[in-house]
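Below is one structure, written out as structure tokens; comments come after it.
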Number of protein chains: 2
Amino acid sequence: MMQLDLTERERTILAVLIDHYVRTAEPVGSRVIATRYDLGVSPATVRNTLSDLEEKGLIEQPHTSSGRIPTESGYRLYVDKLLKSERLSAPEREKIKRALSIDYSAIEDILEQTSRVLARLTSQLGVTITPKFDQAVLNKVDLVQLTDTRVMVIVAVRSGIVRTILIEVDSNIEVERLRQTADVLNEKLSGLSLGEIRRTIAERLRAEERGDPQVLKLFMEQHEHMLSESSGEELHTEGTINILSQKEFQNPEKLREFLTLLEERHSLIDLLKIKTFANDITVTIGAEANIEGMKGCSAVTRSYQAGQIRGTVGVIGPTRMEYAKLMSLVDYTAKVLSEILSR
Amino acid sequence: MMQLDLTERERTILAVLIDHYVRTAEPVGSRVIATRYDLGVSPATVRNTLSDLEEKGLIEQPHTSSGRIPTESGYRLYVDKLLKSERLSAPEREKIKRALSIDYSAIEDILEQTSRVLARLTSQLGVTITPKFDQAVLNKVDLVQLTDTRVMVIVAVRSGIVRTILIEVDSNIEVERLRQTADVLNEKLSGLSLGEIRRTIAERLRAEERGDPQVLKLFMEQHEHMLSESSGEELHTEGTINILSQKEFQNPEKLREFLTLLEERHSLIDLLKIKTFANDITVTIGAEANIEGMKGCSAVTRSYQAGQIRGTVGVIGPTRMEYAKLMSLVDYTAKVLSEILSR
DNA sequence: GTTGGCACTCTACTGCTTAGAGTGCTAACG
DNA sequence: CGTTAGCACTCTAAGCAGTAGAGTGCCAAC
């Protein structure tokens with residue numbers, strides 16, 4: 001990143017240009033800037049400044065005789081330095097609060113609802129990711145016989161998430177013996193984080209005499225699978241249709257790329273997972289994400305907290321988005337969500 | 001539906017026309033039919049027949065001087081009477097079998113995988129829906145204390161599906177008392193179908209003295225929520241990108257409609273749920289589905305069986321699809337899936 | 001019943017022109 | 001010296017006419 005000292009005029013003009021471009025989706029010319037926003041200078045002067053900004057890589061021209069549009073660096077500088085943060089109106093806050101105050105019977109439900117709310121309020125793609133499972137604390141393990149040779153393991157953690165896993169056994173196991181085995185697992189493992197369990201399970205169960213040895217052995221072998229990252233994080237996306245109406249996705253090639261991103265999921269999960277560690281609202285612009293399909297797109301994200309574990313909520317859309325508005329919206333939504341989950 | 005007696009020639013020409021149209025996505029003219037497929041007649045004769053078929057509503061012209069394309073009735077007749085069913089090649093069968101033989105830890109996993117396989121093999125949208133929960137037999141209920149005032153109910157059914165629900169209680173309940181309450185529920189309810197439970201739970205638990213009365217009461221009040229249809233069926237869709245490359249979705253309006261359908265989900269769930277009752281492969285063409293977003297689309301579906309309960313797998317794509325191929329593919333996939341789930 | 005011939009229709013493509021938007025440069029201005 | 005008006009230049013988008021091609025429907029002949 002080169003050294004960037006902008007004059008006052010350059011800053012104003014860049015801000016005005018971005019504001020206007022975000023609203024109209026059309027390249028912005030010198031005349032519009034000079035007349036519609038009264039800067040007290042003529043179009044010719046603006047032209048000179050635009051030329052300077054282009055030199056600095058903050059704006060560019062789609063073709064020789066068109067207005068300018070912001071580059072990714074332009075947006076970056078705008079978000080970091082130029083943006084005046086907006087405050088949500090009371091009705092907006094109320095709306096979000098009410099929309100999230102649903103009866104939910106599983107954590108997935110409220111996250112899905114959150115994605116939906118974000119999508120609707122922003123007309124972008126709303127995304128959420130469930131808390132990192134690794135850090136969750138085990139509450140209870142249960143074993144249920146499904147068929148003669150198939151046992152289902154149910155793992156419940158403190159935050160209310162449940163995962164299941166099937167294991168195959170050689171022969172039928174008595175109900176009482178299964179219960180006893182579950183008791184052993186609960187006694188030895190509950191209260192530990194899943195990460196700890198994964199690292200120390202072999203040790204903890206080695207000398208165990210009680211319970212069914214085969215089930216215990218299988219549990220130890222399979223726990224990796226069950227507690228693995230991929231099964232831990234669940235991505236919710238909502239509002240794909242919103243994306244369609246965005247001007248940048250009229251281009252079918254672009255659209256295709258974006259939907260591929262949505263369907264592959266793991267890169268999106270990676271992106272959001274990283275944001276879990278941030279404590280403030282984060283804006284990721286285009287190539288910064290290092291994801292092919294995110295070219296031309298930005299993400300506004302914020303981590304939320306549920307007990308000791310954390311996840312991420314946010315919106316994704318074209319780089320041409322109303323950053324100020326989205327940032328305050330995502331910020332507030334994340335806060336409300338944390339509040340509800342911690343109750 | 002009008003009376004439809006087709007001559008031998010009409011039948012052949014309709015079949016040829018559909019075959020050709022499905023491959024090329026271009027309106028088919030008389031010359032192509034007469035020359036590329038040697039029917040031993042001239043284009044002029046074919047024109048006469050085409051005119052007759054149009055009269056009967058089986059084909060139509062996009063505009064005066066273009067070739068013909070099939071109407072929905074045309075496809076219907078083709079599927080019902082004209083289609084020669086294809087047999088999957090051994091390598092294809094092998095491919096499906098192998099793709100579905102994954103280690104799965106939850107039923108959802110293998111259904112997701114099934115959607116993916118169908119999507120990839122057909123280049124259409126692959127869809128699956130989890131078995132109707134109502135008919136499932138309860139295996140075990142478990143109660144887990146999450147916080148002082150929050151208890152999680154875990155319901156496991158025989159086929160390996162698990163649902164959770166949160167209930168709010170007034171005050172902390174002792175572990176032993178909670179366990180006792182769970183025991184009561186298991187004793188009274190396990191082995192019954194969820195539908196039966198929903199209908200008879202009040203009666204069954206009325207005179208119960210043991211267990212925590214508050215939890216029992218809440219369970220009775222909330223079971224409706226937990227066992228409700230909507231929470232029982234889960235839809236998996238895979239391969240949205242495939243749909244993009246289909247010629248009929250170049251039209252953005254059409255595409256938008258389709259993606260809306262995908263995101264609303266409940267109409268799709270309804271559609272697939274009905275098919276659960278069919279015992280054979282089913283083809284639903286366009287308006288037959290009575291769903292707005294399905295205009296111009298067809299679905300090829302087949303129910304599968306897992307223990308005593310059933311679900312549906314299939315593919316959805318534009319009406320212009322390779323019915324014969326898709327039917328055999330979906331059919332075989334459903335069979336393999338049933339097999340795996342019943343093991 | 002089938003066929004060749006022919007006039008007719010409609011679409012898609014091409015090339016051309018024009019209007020408009022916006023720029024960069026230069027020379028003049030305060 | 002920064003600012004400005006003026007002007008030539010560039011590029012796009014839109015409209016228009018003309019043409020080629022595909023395909024039909026109909027008629028008269030086989």
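So you know, we letter chains A, B, ... as the sequences are listed, proteins then strands, and number each from 1. As a basis for the values below, the full set of heavy atoms in this structure was taken, side chains included, without hydrogen atoms, waters or symmetry mates.
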Using heavy-atom distances to pick each residue's nearest nucleotide on DNA chain C, tell me which of Thr64(B) and Val41(B) is more 5'. Val41(B)

Consider side chain to side chain contact (heavy atoms under 4.5 Å, CB included). Of Asp5(B), Leu50(B), Thr49(B), which one does Glu10(B) pass it with? Thr49(B)

For DNA chain D, whose closest nucleotide is more 5', that of Ser65(A) or that of Ser42(A)? Ser42(A)

Any N/O pairs under 3.5 Å between the protein and nucleotides 25-30 of chain C? List them or say none.
none

Send over the distance from Ile59(B) CD1 to dT24(D) C1', rounded to a whole Å. 12 Å

Whole-Å distance, Arg68(A) CZ to dC11(D) P, equals 14 Å

Test salt bridge (Lys or Arg N to Asp or Glu O under 4.0 Å) on Glu257(B) and Lys295(B); report intermediate values, then the result. CA-CA 9 Å; Glu257(B) 222 172 62; Lys295(B) 254 182 209 156; 5.9 Å; no

Sort and list the pairs that fulfil side-chain hydrogen bond (donor to acceptor under 3.5 Å, both in side chains) and have at least one residue in residues 30-43 of chain A, not counting sequence neighbours. Arg23(A)-Tyr37(A), Ser30(A)-Arg47(A), Ser42(A)-Thr45(A)

Side chain of His63(A) (C-beta onward), nearest among dT12(D), dT23(C), dT3(D): dT12(D)

So, with a heavy-atom separation below 4.0 Å from DNA chain C, the residues of residues 24-36 of chain A are Gly29(A), Ser30(A)

Do Ser328(A) and Glu86(A) have side-chain N/O donor and acceptor atoms under 3.5 Å apart? no

Is any NZ, NE, NH1 or NH2 atom of the basic residue among Glu112(A) and Arg116(A) found under 4.0 Å from an Asp or Glu carboxylate oxygen of the other? yes

Using whole Å, what does the distance between atom P of nucleotide dG23(D) and atom CG of Leu50(B) come to? 11 Å

